[in-house]
Amino acid sequence: MLDIKYLRQNIGLVGKKMNQRGQSIDFDRFLGLDIKRRDILLAVETLRNERNDASKKIGELKKKKADASALIAEMSEVSEKIKGLDENLKLTEEELNNFMLMIPNIQHESVPIGQGSEDNPILRSWGEKPVFSFEPKAHWDIGENLNILDFTRGAKIAGARFTLYRGAAASLERALINFMLDLHTGEHGYTEVLTPFIVNRESMIGTGQLPKFAEDLFKIEGMDYFLIPTAEVPVTNIFRDEILDEKQLPIHYVAYSPCFRSEAGSYGKDTRGLIRQHQFNKVEMVKFTKPENSYDELEKLTANAEEVLKRLGIHHRTVSLCTADLGFSSAKTYDVEVWMPGQNVYREISSCSNFEDFQARRASIRYRQEESGKVEFVHTLNGSGLAVGRTVVAILENYQQADGSVLIPKVLQPYMRGVDKLLSPKA
RNA sequence: GGAGAGAUGGCUGAGUGGUCGAAAGCGAUCGCCUGCUAAGCGAUUGUACGCCCCUAAAAGGUGUACCGCGGGUUCAAAUCCCGCUCUCUCCGCCA
């Protein structure tokens, strides 16, 4: 959510920024609601003030056993007026609030202006595309040939976009989760948290999934609960409605969680393989920082995500999302894209964002400045470290061998009881 | 699922219709005092929104709201009534 005072005073600038993101906002409606709200507020507060004064007098009169009936009758009328105005105010505030909740964040000045993902500049690249003496296969073929990924059975059990892992694939997924958590907690200074995977509506509003993107979420029928689409939601909401001490910042959390996404609107897209699933595992890093440090922290966060792929020895590159490609809540986002030789494409495997105070304002996460005593919104950031299913894909495709086997990167072998090569359970 | 108890400021905890944004204690901050330390003394110590002031922000002034959340009664609600949520205790069930 944007700061309403800022919006009021910088309508033109915000409009321009929104246009760069391919959004347009009905600012006349905003200004109308904003003025209406303040008008009603002023009127109702004036009446309340009058009533508060009169009520005090009534109390005094009654104490003196004097007659207060005239004043009481008068205030009875005032109260009726207040009631009417209050109702009006509530409706107006609701409307204004809903309006504010639908406005995306303002992008940072360093965000490149563009029309789509093709305009995302490549900032850096690590490693090389592997060279194969044979035609590299896509992971769905590798996984099925090895009998470790079972898309048919996954679909039978649940439906399209669900996969059954068997044997070494299941073990690899688990190894990756532990490897990533150990790296981020042991070397990058994050504290591990394990959260609920179901959250309430307030949490979804806090991080920006609601109210605008309800169709992307799985909702529990008959209850106001949602399956999390990312650990970002429960982790960021840990401090919702709290005022932190400046001393506590920065806070760095890392969490494993499954992620559930309805993938509404992506029918027919990435239907094969593990790329786009209704349920996938992810290790997520979340930071709470002071405003002045958040962009430094974003660089570090992104480097932490890249480090996972470096340790795994997989070629990847990092892009800066342009204005058109930026997510709703984000002020700036870096995507880490991993090379998938079996599909001959780069795939997003991590998305690292600085939300500045956008989520903090929605979720009311603040901190008290030690020197001035002032209360200020924190900045929140998060990034995948990494999407686990897609990492499995990257390993299968990048480390596949001519005989159909797949080598296991060295750093993972201790997590796989020393296994260095995936072989078919049948073999 | 059944029975009961509770939710007040950073914390503990008082407060059953008006003088309560809320006692007291603890903590914290500032100052005083005493060679140092400890103790003592004094002051300050929530958040949001509006209006005034102001080029703007801050500061200042002023008002309103907030005692788990939402309604209701009343001139007036932390206090009375209704609904909800959460926490705790006991019983039952359960990974």
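Just so it is clear, the values below take in all heavy atoms, side chains as well, and ignore hydrogens, waters and symmetry mates. All chains are named by letter (A, B, ...) in the order of the sequence lines, taking the proteins before the strands, and each is independently numbered beginning at 1.
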Using a 4.0 Å heavy-atom cut-off, write out nucleotides 63-68 of chain B from 5' to 3' as B (base contacted by protein), S (sugar-phosphate only) or - (no contact).
-> BBS---
Distance-only, no hydrogens or angles: does the Q359(A) side chain make a donor-acceptor pair with backbone N or O of G208(A) under 3.5 Å?
-> no
So do the side chains of R311(A) and M180(A) get within less than 4.5 Å of each other, counting heavy atoms only?
-> no
Check: F355(A) ring centre within less than 6.0 Å of H379(A) ring centre =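 Centroid distance F355(A)-H379(A): not below 6.0 Å, so no.
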Compute the ring centroids of F226(A) and F218(A), then answer whether they are less than 6.0 Å apart.
->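 Not close enough - the centres of the two rings lie 6.0 Å or further apart.
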N or O in side chain of R38(A) less than 4.0 angstrom from C51(B) OP1/OP2 = yes
Could you tell me whether the phosphate oxygens of A48(B), OP1 or OP2, come under 4.0 Å of any side-chain nitrogen or oxygen in R366(A)?
->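 Affirmative; the distance criterion is met.
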Heavy-atom pair of closest approach, residues V286(A) and F288(A) |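 Closest approach of V286(A) to F288(A): CG1-CE1, 4.0 Å.
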Minimal heavy-atom distance between P234(A) and T230(A), with the atoms involved, is CD-O, 3.5 Å
Specify whether Y190(A) and H252(A) have parallel, tilted or perpendicular ring planes, treating 30° as the upper limit for parallel and 60° as the lower limit for perpendicular.
-> tilted
Taking the six-membered ring for Trp, are F30(A) and F99(A) parallel (under 30°), tilted (30 to 60°) or perpendicular (over 60°)?
-> parallel
Using whole Å, what does the distance between atom [atom2] of nucleotide [N] and atom [atom1] of [X] come to?
X: R361(A); N: U47(B); atom1: CZ; atom2: C1'; result: 15 Å
X: E202(A); N: G70(B); atom1: CD; atom2: P; result: 12 Å
X: M223(A); N: C86(B); atom1: CE; atom2: P; result: 11 Å
X: D241(A); N: C86(B); atom1: CG; atom2: C1'; result: 14 Å
X: F377(A); N: U47(B); atom1: CZ; atom2: P; result: 13 Å
X: I82(A); N: A76(B); atom1: CD1; atom2: P; result: 8 Å
X: M75(A); N: G17(B); atom1: CE; atom2: P; result: 24 Å
X: L47(A); N: C51(B); atom1: CG; atom2: P; result: 16 Å

[M] and [N], which share atom name [atom1], separated by this distance in whole Å:
N: G46(B); M: G10(B); atom1: C1'; answer: 9 Å
N: A78(B); M: A65(B); atom1: C1'; answer: 14 Å
N: A7(B); M: G63(B); atom1: C1'; answer: 30 Å
N: U29(B); M: C84(B); atom1: C1'; answer: 40 Å
N: U64(B); M: U55(B); atom1: C1'; answer: 28 Å
N: C67(B); M: U12(B); atom1: C1'; answer: 16 Å
N: G18(B); M: A76(B); atom1: C1'; answer: 6 Å
N: C53(B); M: G60(B); atom1: C1'; answer: 8 Å

Answer with base, sugar-phosphate or nothing: what part of the nucleic acid does [X] contact at a heavy-atom distance below 4.0 Å?
X: V375(A); result: sugar-phosphate
X: R201(A); result: nothing
X: K62(A); result: base
X: Q9(A); result: sugar-phosphate
X: K90(A); result: sugar-phosphate

Between I58(A) and E87(A), which has a closest nucleotide on RNA chain B that is more 5'?
->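 Its nucleotide being nearer the 5' end, the pick is E87(A).
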If each of R368(A) and I72(A) is mapped to the nucleotide of RNA chain B with the nearest heavy atom, which maps nearer the 5' terminus, i.e. the 5' end?
-> R368(A)
Restricting both atoms to N or O, compile the protein contacts to nucleotides 19-21 of chain B shorter than 3.5 Å, with distance only.
unit_1, atom_1, unit_2, atom_2, d
U19(B), N3, K63(A), NZ, 3.0
U19(B), O4, K63(A), NZ, 3.1

Below 4.0 angstrom, N of the basic side chain to O of the carboxylate: do [X] and [Y] qualify?
X: R38(A); Y: D34(A); value: yes
X: R366(A); Y: E376(A); value: no
X: E95(A); Y: R29(A); value: yes
X: E263(A); Y: R261(A); value: no

Are more than 12 heavy atoms from other residues, nucleotides or ligands located less than 6.0 Å from atom CD of E242(A)?
->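 Atom CD in E242(A) is packed in, count exceeds 12.
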Output row for RNA chain B, stems defined as at least 3 consecutive Watson-Crick or G-U pairs under 3.5 Å, is B:1-7 with B:85-91, B:10-12 with B:24-26, B:27-32 with B:40-45, B:46-52 with B:60-66, B:68-72 with B:80-84
Output the single nucleotide from A76(B), G18(B), G50(B) whose closest atom is nearest the side chain of L42(A).
->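 The listed nucleotide nearest to L42(A)'s side chain is G50(B).
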Select one nucleotide: of U73(B), G46(B), C49(B), the one nearest the side-chain heavy atoms of R37(A).
-> C49(B)
Begin with the C-alpha distance, continue with both residues' side-chain angles, and end with the deciding distance and a verdict on ring-ring contact (aromatic ring centres under 6.0 Å, His included) for Y367(A) and F377(A).
-> CA-CA 6 Å; Y367(A) 76 104; F377(A) 288 109; 9.7 Å; no
